[in-house]
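Predicted model only: the values in this text are computed from it and were never measured. Here is how names work: the chains are called A, B, and so on, in the same order as the sequence lines, proteins then strands, and each is numbered from 1.
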Protein chains: 2
Amino acid sequence: VSVRLVGGADLKRLVARVGAAEFMRQLIAELAAAYARWDEFEKMARPATHVPGGVIELMPISDATRYAFKYVNGHPRNPEQGYATVVAIGMLTDATNGYPLLVSEMTVLTALRTAGTSALAARHLARRPSRTMALIGTGAQAEFQALAFQVECGVTTVRAYDTDPAALAKFARHGRTLGLGVVVCGSVAEAVTGADIITTATAAKARARILTDALVAPGVHINGIGGDCPGKTELEAAILSRAKVVVEFTPQSLIEGEVQQTGAAAIHAELHELVRGLKPGRERADEVTVFDSVGFALEDYAALMLVQRLATQYGIGQATDLIPDLADPKDLWSALH
Amino acid sequence: VSVRLVGGADLKRLVARVGAAEFMRQLIAELAAAYARWDEFEKMARPATHVPGGVIELMPISDATRYAFKYVNGHPRNPEQGYATVVAIGMLTDATNGYPLLVSEMTVLTALRTAGTSALAARHLARRPSRTMALIGTGAQAEFQALAFQVECGVTTVRAYDTDPAALAKFARHGRTLGLGVVVCGSVAEAVTGADIITTATAAKARARILTDALVAPGVHINGIGGDCPGKTELEAAILSRAKVVVEFTPQSLIEGEVQQTGAAAIHAELHELVRGLKPGRERADEVTVFDSVGFALEDYAALMLVQRLATQYGIGQATDLIPDLADPKDLWSALH
């Protein structure tokens, strides 16, 4: 009963072994498979604890055979001390006996699964072809989003804008190593010009209007990933009113997503309804679509399932004795002697 | 930003380094200190997920500087497959920035903290001296309870009874290595004869009456640790009616504890009220007292704090890269390259 530990170096090795593009492809497939089984999961709100300077959440979910949860924080002022705003650790366990299987680094994995989920939504919502993506906000999520849209939609050019020139330069450097054309832009308006897809991934801390309705051309798909907690939004409400809006899990999105500006009436569908064919995705070339992403525990489940499968396949990770191996379950004392 | 991992072998080494009795002494002190700061903690109900064959819970708690949580399952039929009914993993994090500090084995640590909490309650509720403890149920918790009462109350003799002769023999063997006199008894009635303290630690799965009112002599302290989930109790309700009953956290105890039989009216105090001197513990030599223990997240917090302190002091545990070390918090992509 050894528990596998996948640390940061292990995940890096695993992604390198499979290849970043292939890892993302498999992750999107895993996400699609999980969303297709939506009804099989026991879903719950994230139990949040408010601590000085931030919030700490536990995000659990389970089906008949696996239970997954993620520990994740959000401390907006962390960067001032040189710390990341968000870090995470995930765990996958055997639901049938409660025994943990995997403890994993999940800071990077969360960025990967967020991008994979964006790509899955775009599969149903973006027009074909979508070669050009505007990327508003080139922070920690940027390259992951670029990779996911390159893999899923065949994006070849990213028109990037950020208020922080250093973050913009960082993305341009990494984006080009992905084989993408990166156009560094001086404004949101410049970035969205001619874009098929607009991804907003800013760290706007309040009700912001990073993207105004006037800038959204017919037929564009908006992938909004930066509005992800109460009081934090990126899109002008008018966009939501005229667009086909898709969310992950309505009760959570109404609290944390862009739709906290509009209420449930603005929601066209939940992502699983598109994946399962219960509701249409894009129907017209000229309609505006929005994926209002806040992140959901099911996505962590899918990411942990993929890591566990690949780590087993390639022998990556370390065996730990986090769970005792007892010859006699009633003799726990023997574990100390 | 390395996260310390304390596995089973690490905890064993740590307890051996300090000595089991001294570890328990320090743990009781840590528990007392935590309960004395009761008002400083953000407490919440345990988010439970029902899975096939059992339940999985996350137990979070925090104060201004530390956040702790435990992953713990309960699968009653696990022993049939050779697995423990309950296993656990704990995590301690820095609440001020959300960064994890410690991931720890917590199956054994939970048994230690449960016993330590029982001893802390007995400090306020058991008569002095208490030399003889009856132990009804000699499963996984038994030796931990015996150690805690030896350390805290000076118990020298344990009168043990279990329906499973193998479990009874196991306890007798281990108990004697602790320097305790162990009297193997043939019935509950025999075990409680002359006992100052009665500890019930059975795995009774339904409303059981392991201990009936007629068997409880005046002046006895009852340490009830086996009634710990809805529908699972060990004590005849009449005992609760005439005894001074102390619980950990009323909202949780009303659902999971012995007091689910009686309601809040039977509760004299919460443990922190005794620790803080807000309500009296034992007042008369002939009164019957009950600690109705179900386990509370604060106890896991105290146990994890102790492990983190001792592990740091003795250099025990392993540094992991579960959290990325980023030169630039906006350059998460670099963690993969």
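When ring centroids are compared, A:Tyr71 and B:Tyr71 stay outside the 6.0 Å threshold.
Contacts between B:Glu42 and chain A at a heavy-atom distance below 4.5 Å involve the side chain alone, from C-beta outward. With a threshold of 4.5 angstrom between heavy atoms, B:Thr65 does not approach chain A through any atom at all. Looking at A:Ser104, only its backbone comes within 4.5 Å of chain B, counting heavy atoms on both sides. At a 4.5 Å heavy-atom cutoff, the contact between B:Phe144 and chain A is made by backbone and side-chain atoms alike. Proximity to chain A is absent for every atom of B:Ile61, based on heavy atoms less than 4.5 angstrom apart. Using a 4.5 Å cut-off between heavy atoms, B:Ala88 contacts chain A through its backbone alone, with no side-chain atom that close. Interface remark: B:Gln318 contributes side-chain atoms only to the contact with chain A (heavy atom separation under 4.5 Å). For B:Val1, the part lying under 4.5 angstrom from a heavy atom of chain A is the side chain only. Residue contact with chain B, scored on non-hydrogen atoms closer than 4.5 Å, involves the side chain of A:Arg173 exclusively. If you measure heavy-atom distances from B:Thr49 to chain A, the contacts under 4.5 Å come from both the backbone and the side chain.
With hydrogens and angles disregarded, a donor-acceptor distance shorter than 3.5 Å links the side chain of B:Lys170 to the backbone of A:Lys330. Here the side chain of B:Lys12 pairs no donor or acceptor atom with the backbone of A:Ala335 at under 3.5 angstrom. Listed for the B:His75 side chain is no donor-acceptor partner under 3.5 Å among the backbone atoms of A:Tyr99. Side-chain atoms of A:Asn97 do not come within 3.5 Å of backbone N or O of B:Asn78 as any donor-acceptor pair. Distance alone, capped at 3.5 Å, places no donor-acceptor pair between the A:Tyr83 side chain and the B:Gly98 backbone.
Each of A:Asn73, A:Thr177, A:Asp10, A:Asp325 has some count of heavy-atom pairs under 4.5 Å with chain B, and the biggest count is that of A:Asn73. Interface summary for chain A: among B:His50, B:Met106, B:Gln81, the most heavy-atom pairs under 4.5 angstrom belong to B:His50. Note: B:Ala95 leads B:Ala95, B:Gly53, B:Gly74 in heavy-atom pairs under 4.5 Å with chain A. By number of non-hydrogen pairs under 4.5 angstrom with chain B, the leading residue of A:Ala166, A:Ala64, A:Ala16 is A:Ala64. Taking chain A as the reference chain and counting heavy-atom pairs below 4.5 Å, the highest number among B:Ile89, B:Val51, B:Val108, B:Val15 is found for B:Ile89. Note: A:Ala84 leads A:Pro79, A:Gly54, A:Ala84 in heavy-atom pairs under 4.5 Å with chain B. Of the listed residues B:Ala142, B:Pro100, B:Ala20, the one with more heavy-atom pairs under 4.5 angstrom with chain A than any other is B:Pro100. Most heavy-atom pairs under 4.5 Å with chain A: of the set B:Asp321, B:Val87, B:Asp328, B:Asp164, this distinction falls to B:Asp321. Among B:Leu112, B:Thr138, B:Thr93, B:Leu11, the residue with the largest count of heavy-atom pairs under 4.5 Å with chain A is B:Thr93.
For the atom pair CG (B:Leu332) and CD (A:Gln141), the distance works out to 7.0 Å, reported to the nearest 0.5 Å. Separation of atoms CG (B:Leu336) and CZ (A:Arg13) is listed at 13.0 Å; rounding is to 0.5 Å. Summarising the geometry, atom CD belonging to B:Glu105 is positioned 7.0 Å from atom CD1 belonging to A:Ile323; distances are rounded to the nearest 0.5 Å. Note that CG of A:Leu5 and OG1 of B:Thr320 are 6.0 Å apart. Values are rounded to the nearest 0.5 Å.
Closest approach of A:Thr107 and B:Pro324 over heavy atoms only: OG1-CD, 3.4 Å. For the pair A:Pro329 and B:Ala140, the tightest heavy-atom approach, listed with the atom from each and the gap, is O-CB, 4.0 Å.
Within the 4.5 Å cutoff, side-chain heavy atoms of A:Trp333 are placed close to those of B:Leu178. Residues A:Pro60 and B:Leu58 have side chains in contact (heavy-atom distance under 4.5 Å, counting atoms from C-beta outward). Using a 4.5 Å heavy-atom threshold, the side chains of B:Ser62 and A:Ile56 count as separate.
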